[in-house]
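A short write-up of the structure that comes next.
Just the heavy atoms: all of them, side chains too, but no hydrogens, waters or symmetry mates, feed the values below. Residue numbers start from 1 in every chain, and the chains themselves are labelled A, B, ... in the order their sequence lines are given, proteins ahead of strands.
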Amino acid sequence: MTDHTPKMKPIWFFVGVILLVMGAVILGSGVYDLVRHVESNKVLSHLHAAVWWGGLMTAFGLLFVWLNRKSTVD
Amino acid sequence: MQAIGLHFVDWFIILFYFVFIIGLGFYLKRYTKSEEDFFLAGRRNSSWVAGLAFLSANLGALELLGMTGNTYKYGMSVAHFYWIGAIPAMLFLGIFMMPFYYSARIKSVPGYLKLRFDEKTRVLNGFSFAIMTLLVSGINLYAMALVLHTFLGWNWDVSMLASAATVACYVTLSGLMSAIFTEIIQFFLIWFGLFLVSILGIVEVGSFGDIMKRVPEAFSHLWRNTGDPSANGMLVGWGGIVLGLGFVLSFGYWTTDFLVVQRAFSAKNLRSARMTPIIASFFKMAVPFIVIVAGLAALALSNDPKSGFSLMSDGGKLNYDSALPMLIARYFPRGLVGLGITALLAGFMAGQAGNISAFNTVWTYDIYQSIIRKKASPKNLLWMGRVATIFAVVVSVGTAYWAKSMPTIMDYMQAIFSWVNAPLFATMLLGMFVKWITPNGAFWGLITGMGSSFTMYLAVKFGWISVGFLTMSKTASDMAANFWRAWWAWLITFVVTIVVSWFTKKRPEAELVGLVKGLTAGAPLEPVPLFKRPAFYAVLSLIVFVVLNVIFW
């Protein structure tokens with residue numbers, strides 16, 4: 001009997017997916033607050049951490065997914 | 001305490017994490033077909049996967065909330081737990097001990113004791129490790145529920161059961177493989193979710209130098225104030241730090257605790273297994289840039305009344321563990337709050353999963369197969385592993401309620417390690433490097449060491465002896481007592497093992513080939529360039545370790 005289970009994706013692919021989704025949500029939320037001038041009572045809110053940190057996560061996530069899109073574990 | 005308010009975006013991120021890791025458990029179940037897949041993740045991991053999992057299995061409750069809180073309380077000294085209290089031991093494991101562990105093709109640390117000594121030493125260690133793991137696992141579960149309860153306002157019992165059910169689900173599905181996957185995801189979530197706290201803390205105060213100027217002088221050095229135990233916050237002198245923490249507790253934990261060593265066993269070959277703790281050592285040295293910097297920033301802000309920053313308090317008593325969550329609440333906008341909380345939860349769940357996956361392996365191989373069903377089939381062992389997982393989670397819920405009743409988590413963790421790991425390190429050291437150590441020497445040394453450590457703990461707790469008797473100092477803390485008790489327990493095990501070995505029957509040398517230095521041919525130089533050899537990276541790691549200690553002397 002042959003095994004038809006597709007080969008396993010490496011962990012780095014899944015790391016990419018979770019960083020990409022979470023990063024995109026945080027980036028989107030940050031951009032919304034920036035564009036709509038949403039008031040915030042957080043310290044250092046003028047730095048808009050959600051925008052650049054969410055952007056960084058999204059970029060890392062995309063990179064991990066892209067590099068491992070065809071990789072499989074033996 | 002007042003719960004931190006969460007926005008819909010934060011809830012989405014937390015929920016997405018839970019759904020993602022349970023989904024991952026179902027995905028990996030398709031690839032978990034044999035007992036080796038379940039207990040050793042198929043022995044196919046690269047050194048990077050095994051190395052990050054090796055580190056992450058240890059990044060649980062203590063590291064995140066506890067160490068940030070301890071930094072607020074004790075200052076820079078807490079970095080000893082990351083540097084002298086980890087790096088030399090991790091490098092020693094990779095360079096000197098891993099060849100014996102990995103080449104013996106054992107499935108657990110007690111399995112090595114069986115090959116090197118005999119069945120009774122293996123079972124003794126199997127039982128003590130299993131009990132210790134369940135106690136520590138409960139502490140992780142307790143800390144996780146504490147976050148959900150305190151900061152999200154969830155009911156305590158519901159928080160505990162939800163966390164336990166999630167871990168039970170994905171570890172039962174695919175064992176060590178899913179534990180390792182979630183540990184690596186946790187590693188990235190912790191860095192993305194919590195390192196930003198340190199960055200924003202530094203930005204608010206001005207610079208790292210400004211933070212150091214705003215904390216008490218005694219809090220800003222690693223070694224300068226250790227000549228006199230009363231001159232540093234931990235009330236521990238350099239002797240206790242070097243012998244108790246740096247040598248016995250650290251080596252005992254990092255080289256013999258199956259929770260972390262199991263990750264190296266999952267590596268695809270010996271070179272990857274040796275690289276596992278060496279790669280992890282670089283990241284271990286970096287963890288203080290999250291927890292220590294955040295703790296010092298919290299302290300600097302608290303010392304400035306204009307900052308408006310303070311820790312939470314329970315009945316007028318400062319809750320040091322709230323330092324990190326309070327900084328998250330201070331800086332993070334919506335979305336990032338969810339990420340920060342998810343990072344904490346991921347840390348606890350990975351720590352819990354690590355304990356459960358180590359327990360099910362030791363239970364199945366070193367207790368079930370060794371005592372109860374010697375001729376169990378591979379299929380039966382896989383079934384037993386899944387049953388043991390459920391059993392361990394249920395018992396962990398019980399030990400979590402026990403942990404809830406304890407005054408501090410940190411001291412009890414160290415106490416547990418000093419009972420089990422410290423004596424075991426003496427047994428392992430002698431077993432691997434001295435060929436004439438006998439099975440009876442190892443057994444009686446180990447049992448005497450564990451018994452003496454526990455007796456010393458009870459003696460101090462009930463006032464039969466003073467803490468100063470153990471620490472040889474007039475001023476001493478619970479932490480100092482743990483460090484020194486570990487040292488004495490190690491020394492007792494070491495001496496008793498040698499003395500009993502002189503008078504008892506040795507095993508034939510032919511049976512010990514591959515298990516003991518001196519009877520095992522040294523590994524031939526690998527046909528790889530210098531920069532790919534484990535020793536090269538171990539030396540690099542050691543250099544970074546020395547530099548960090550000098551900078552923060």
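One distance of note links CZ of Phe181(B) with CE of Met8(A); it measures 4.0 Å at 0.5 Å rounding. Here the CD1-CG distance, from Ile18(A) to Leu189(B), works out to 5.0 Å after rounding to the nearest 0.5 Å. Note that the CD1 atom of Ile26(A) and the CD1 atom of Ile13(B) stand 4.0 Å from one another [nearest 0.5 Å]. Atom CG in Leu28(B) sits 13.5 Å away from atom NZ in Lys9(A) (nearest 0.5 Å).
Annotation: ring pair (Phe, Tyr, Trp, His ring centres under 6.0 Å) contacts of Tyr27(B) (sequence neighbours excluded): Phe14(A), Tyr31(B).
Tyr331(B) and Lys42(A) make their closest contact through O-CB, 3.9 Å (heavy atoms, listed as atom of the first residue, atom of the second, distance).
Among Leu196(B), Leu24(B), Leu336(B), Leu200(B), the residue making the largest number of heavy-atom pairs under 4.5 Å with chain A is Leu196(B). With chain A as the partner, the residue from Phe332(B), Phe16(B), Phe309(B) showing the most heavy-atom pairs under 4.5 Å is Phe16(B). Contact tally against chain A (heavy-atom pairs below 4.5 Å) for Ile199(B), Ile185(B), Asn45(B): the top residue is Ile185(B). In terms of heavy-atom pairs under 4.5 Å with chain A, the best-connected choice from Arg334(B), Lys268(B), Glu204(B) is Arg334(B).
Leu19(A) touches chain B through its side chain: at least one heavy atom from C-beta onward sits under 4.5 Å away, while N, CA, C and O do not. Only the side chain of Leu339(B) comes within contact range of chain A, with at least one heavy atom under 4.5 Å from a heavy atom of that chain. Residue Ser307(B) does not touch chain A at all, counting heavy-atom pairs closer than 4.5 Å. At a 4.5 Å heavy-atom cutoff, the contact between Phe12(B) and chain A is made by side-chain atoms alone.
Shown here is Trp12(A), whose CH2 atom has more than 12 heavy atoms of other residues, nucleotides or ligands within 6.0 Å. In this structure, Arg69(A) places its CZ atom where more than 12 heavy-atom neighbours from other residues, nucleotides or ligands lie under 6.0 Å away.
Among the candidates Thr182(B), Leu52(B), Val49(B), Ile180(B), the single residue satisfying the side-chain contact (heavy atoms from CB on, under 4.5 Å) test with Ile11(A) is Val49(B).
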Which pairs would a plain distance check flag for residues 48-64 of chain A, meaning a side-chain donor or acceptor within less than 3.5 Å of a matching protein atom at least two apart in sequence or in another chain?
unit_1	atom_1	unit_2	atom_2	d
Trp52(A)	NE1	Leu47(A)	O	2.8
Trp52(A)	NE1	His48(A)	O	3.4
Trp53(A)	NE1	Phe192(B)	O	2.6
Thr58(A)	OG1	Gly23(A)	O	3.3
Thr58(A)	OG1	Ala24(A)	N	3.3
Thr58(A)	OG1	Gly54(A)	O	2.7

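Side-chain contact between Phe20(B) and Val21(A) is absent, with no heavy atoms from C-beta onward closer than 4.5 Å.
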